[in-house]
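Have a look at the structure below, then the notes.
Counting from 1, the numbers follow the sequence of the chain as shown.
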Amino acid sequence: MFIGGKTEGYSGDIPGIRDEYERFMRHHSEGPVYLVGLLGGETVNIIRDVKEGRATEPNGLSEEERRVVHGSD
C-alpha cells in the first residue's frame with residue numbers, strides 16, 4: 001500500500017515513495033498494489049499517472065472501486 005509521500009525536499013533523483021513503487025513494480029509486476037491518495041503527496045501523482053495510462057495499479061479492484069479508494073477520505 002502506498003500512501004502520501006514527499007513531492008519536494010526529498011533526497012535522490014525521484015521522491016522516495018515513487019522509487020519504492022517503481023522498485024515494487026519491477027519485482028512484482030502482478031501486484032497487488034494499492035494507491036491511497038488520502039494524504040496527497042507523491043501517491044496522488046502516481047494515481048494521476050495510472051489514470052492517464054503512464055503507470056499501472058494491479059490489485060484486482062474494479063475501475064469503480066479504484067475510483068472510490070482514490071477519492072475517498
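- Here the side chain of Glu57 pairs a donor or acceptor atom with the backbone of Leu35 at under 3.5 angstrom.
- Summarising the geometry of Ser29 relative to Pro58, their closest heavy-atom pair is O-CG, 3.5 Å, with the distance given to 0.1 Å.
- Cluster annotation: Ile46 is not connected to Tyr34 through the hydrophobic network of ILVMFWY side chains, with a link wherever side-chain heavy atoms come within less than 4.5 Å.
- A continuous path of Ile, Leu, Val, Met, Phe, Trp and Tyr side chains, each step under 4.5 Å between heavy atoms, connects Leu61 with Met1, placing both in one hydrophobic cluster.
- The side-chain heavy atoms of Val68 and Arg66, taken from C-beta on, include no pair separated by under 4.5 Å.
- Under the 3.5 Å distance criterion, the side-chain polar atoms of Asp49 are left unmatched by any main-chain donor or acceptor of Ala55.
- For CD of Glu30, the number of neighbouring non-hydrogen atoms (other residues, nucleotides, ligands) closer than 6.0 Å is 12 at most.
- Salt bridge status for Asp13 with Arg18: absent, with no side-chain N to carboxylate O gap under 4.0 Å.
- Follow the hydrophobic side-chain contacts under 4.5 Å out from Val50 and you reach Phe2 in the same cluster.
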Please report the C-alpha distance between Thr43 and Ile17 in whole Å, then the side-chain angles of each, then the deciding distance to 0.1 Å, and finally whether the side chain to side chain contact (heavy atoms under 4.5 Å, CB included) criterion is met.
CA-CA 7 Å; Thr43 300; Ile17 201 157; 3.6 Å; yes
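- Counting heavy atoms from C-beta on, the side chains of Ile14 and Glu22 come closer than 4.5 Å.
- To the nearest 0.5 angstrom, Glu42 atom CD is 11.0 Å from Asp19 atom CG.
- Using a 4.0 Å cut-off between charged side-chain N and carboxylate O, Arg23 and Glu20 make no salt bridge.
- If you chain together hydrophobic residues whose side chains sit under 4.5 Å apart, Val33 and Val44 never meet in one group.
- By the 4.5 Å heavy-atom criterion applied to side chains, Glu63 and Arg67 are not counted as neighbours.
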